[in-house]
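Worksheet: one structure, shown below.
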Number of protein chains: 2
Amino acid sequence: MKHSNMKNDSMIPPVDPPSLAERIRLDMDSFTPSEKRAAHLLLSHYPFAGLDTVAEFATRAGISAPSVLRFVTRLGFSGFPDFQKHLREELEAQLLSPLAKASPLDKSQGAPALASFAEAVIGNLRATVENIAPAEFDAVVELLSDPRRHIHFTGGRFTGALARYAESHFRIVRSQVDFIEGQPALWRDRMIEIGKKDVIVAFDIRRYQEDVTALCETAAKQGATVVLLTDPWISPIARVARHVLPAHIVAPSNWDSSTGLLLITEALVAAVTKRLWETAKPRMEAVERLRNEKP
Amino acid sequence: MKHSNMKNDSMIPPVDPPSLAERIRLDMDSFTPSEKRAAHLLLSHYPFAGLDTVAEFATRAGISAPSVLRFVTRLGFSGFPDFQKHLREELEAQLLSPLAKASPLDKSQGAPALASFAEAVIGNLRATVENIAPAEFDAVVELLSDPRRHIHFTGGRFTGALARYAESHFRIVRSQVDFIEGQPALWRDRMIEIGKKDVIVAFDIRRYQEDVTALCETAAKQGATVVLLTDPWISPIARVARHVLPAHIVAPSNWDSSTGLLLITEALVAAVTKRLWETAKPRMEAVERLRNEKP
DNA sequence: TCTTAATTGAAATTTTTGGTACAGCTTTTG
DNA sequence: CAAAAGCTGTACCAAAAATTTCAATTAAGA
């Protein structure tokens, strides 16, 4: 006679705990107003907000102690200490295994639209990584880590946003970083300052934009180094580019997906930040300090 | 005087806190036998062993409760709660500060940089998809497909670029789409036109920006519907948001990754485009025609 | 509008926890 | 070897924390 009442303990031993935070998020609708306030406080400083006393938690959330108690009870804990114990254990587990992230938890059929789209995007990312020569990637990191260079980001209609995204990060990591609008009228005059010391990082995918191409050609003619992030069909900018990093972009959509480009961008940001850590760290700290001074 | 009064904070205020663990290790010799047992327990499960109760800690260390108390007193704390508070703060600071993550320099460099980054991002995407309620996603698609609504996109320092990305696509798919800059000075006056018919799509991840929150709160107060794309810790904007779509953002980088947010964005664009195909198709064709006429 | 149900917090209550005094034991030292 | 000093645990107490009660308030329904 089997005692297999439990389904979970059959084969998969250490199933990643469905983080309490995630559960709270999903149940958010079913909470009363004051429970929501408790939930938001907890999630916004997860899980540290929950490690204080009930009174402290209640005050910070702007509700009463009993409401906090009702909140944790509703989450299924026998009491506040029980709740705290869970938080501690979760935190410890998470900290001990830094790679406990990709938690394949509930198999609740996600929105099919979203799920299938995601699978396609993931396929793109894998293909993108495989088709980029490590040497090329490293060379670009090297280039962007050179403090004597000026870095200019630019992009087309849709990819311009990615260029801005890159610029907003690199601007903090290092100096001499800016963004150039695609329209010729907006950059013509700036070109007089572009020379051998400059690097243009251009984002351009199909329906390649002529104005971005023109920008890069002009810059290259003046001696600038051009780095191109594009699609597998390669923008014509490649003719003047020193380095080309292509990303797969086809998705089940009427539009192309830029996720691969973003992946490369973020990987570049991460690598350059690490490379320039000695100088980047104080810059990041300074930015953080300024942020905190505002209020 | 024993200790130098000179503080090294003349210019660089908040640098590396001398972890309590380090101090304990250095002072180990000066401890009594039972204090040493306490110290060893704490160091071996630092700092979690210290987050339990005195009684628990004493039992695990194999000593009595008073010895534990004497131990923490000797470390300079006014009592056990004070000691615990310190541990929590230390832990929180270490975990939250993206600056702290870079302390142990790993040796992987070059080719693996992109590949391992990609794997982490893929993990994020999977986790993101699994944690979004299908109903929520569909509801947002429905909302953004309503031609009678005005759609406004906005975002913070880094996420603003994603908002622009979304806006540049939706602008073509449908009418009445725009982008709002985060700074209050730039949107204050526009708020008079925001009402029940408006939808605000806000992008906001940790180091949540107050100005974006203010924008959403103001808009919500006037009856607008707020859709929030955020991280698993949920921006405070959630208070006023009708729909919340969280994305996992932690990557092997000093920066958070926005790939999950981009995934959701693109999936929304794809779904809405399909939903509104009858009207979107002629719009897209018209845009293409205009592009070709320009030269 | 009135009634009913749900939600919430002030205050009282109970439980737990941290803290202290003191006596026994161990080690050190003259 | 004896006296002093230091260390440790038992037992108790005080303080603080969690929890329950219950009345007031608010929202929902008829």
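Every heavy atom of this structure was used, including side-chain atoms; hydrogens, water molecules and symmetry mates were not. Bear in mind the structure is a predicted one, so any value in this text is a computation, not a measurement. Within every chain, numbering begins at 1; the chains are lettered A, B, ... in the order of the sequence lines, protein sequences first and strands thereafter.
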Show which side-chain atoms of residues 49-63 of chain B pair as donor or acceptor with protein atoms under 3.5 Å away, not counting sequence neighbours.
{"unit_1": "Asp52(B)", "atom_1": "OD1", "unit_2": "Arg88(A)", "atom_2": "NH2", "d": "2.9"}
{"unit_1": "Thr53(B)", "atom_1": "OG1", "unit_2": "Glu56(B)", "atom_2": "N", "d": "3.1"}
{"unit_1": "Thr59(B)", "atom_1": "OG1", "unit_2": "Ala55(B)", "atom_2": "O", "d": "2.9"}

Result block: side-chain N/O donor-acceptor pairs under 3.5 angstrom for residues 218-225 of chain B, not counting sequence neighbours:
{"unit_1": "Thr218(B)", "atom_1": "OG1", "unit_2": "Ala214(B)", "atom_2": "O", "d": "2.8"}
{"unit_1": "Thr225(B)", "atom_1": "OG1", "unit_2": "Arg149(B)", "atom_2": "NH1", "d": "3.3"}

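Between Tyr165(B) and His169(B), the ring-plane angle classifies as tilted under the 30° and 60° cut-offs.
The shortest side-chain heavy-atom distance between Ile180(B) and Phe153(B) does not fall under the 4.5 Å cut-off. When side chains are defined from C-beta on, Leu245(B) counts as touching Leu268(B), because their heavy atoms get closer than 4.5 Å. For the pair Thr279(B) and Arg174(B), the minimum side-chain heavy-atom distance is 4.5 Å or more.
In 5' to 3' order, the nucleotides of DNA chain D bounding all contacts with chain B (an atom under 4.0 Å from a heavy atom) are dC7(D) to dT10(D). Once you apply a 4.0 Å limit to the heavy atoms of chain A, the touched nucleotides of DNA chain C run 5' to 3' over dT7(C) to dA10(C).
Residues from residues 56-67 of chain B with heavy atoms under 4.0 angstrom of DNA chain C, sorted by number: Pro66(B).
Checked against a 6.0 Å centroid threshold, the rings of Phe71(B) and Phe31(B) count as neighbours. Taking the six-membered ring for Trp and the full ring otherwise, the centers of Phe179(B) and His152(B) sit at least 6.0 Å from each other.
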Applying side chain to side chain donor-acceptor pair (under 3.5 Å) to His248(B) and Asp231(B), what does each step give before you reach the verdict? CA-CA 6 Å; His248(B) 285 229; Asp231(B) 55 27; over 6 Å; no
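Among residue pairs with one or both ends in residues 155-170 of chain B, those qualifying as salt bridge (Lys or Arg N to Asp or Glu O under 4.0 Å) are Arg164(B)-Glu181(B), Glu167(B)-Arg171(B); sequence neighbours excluded.
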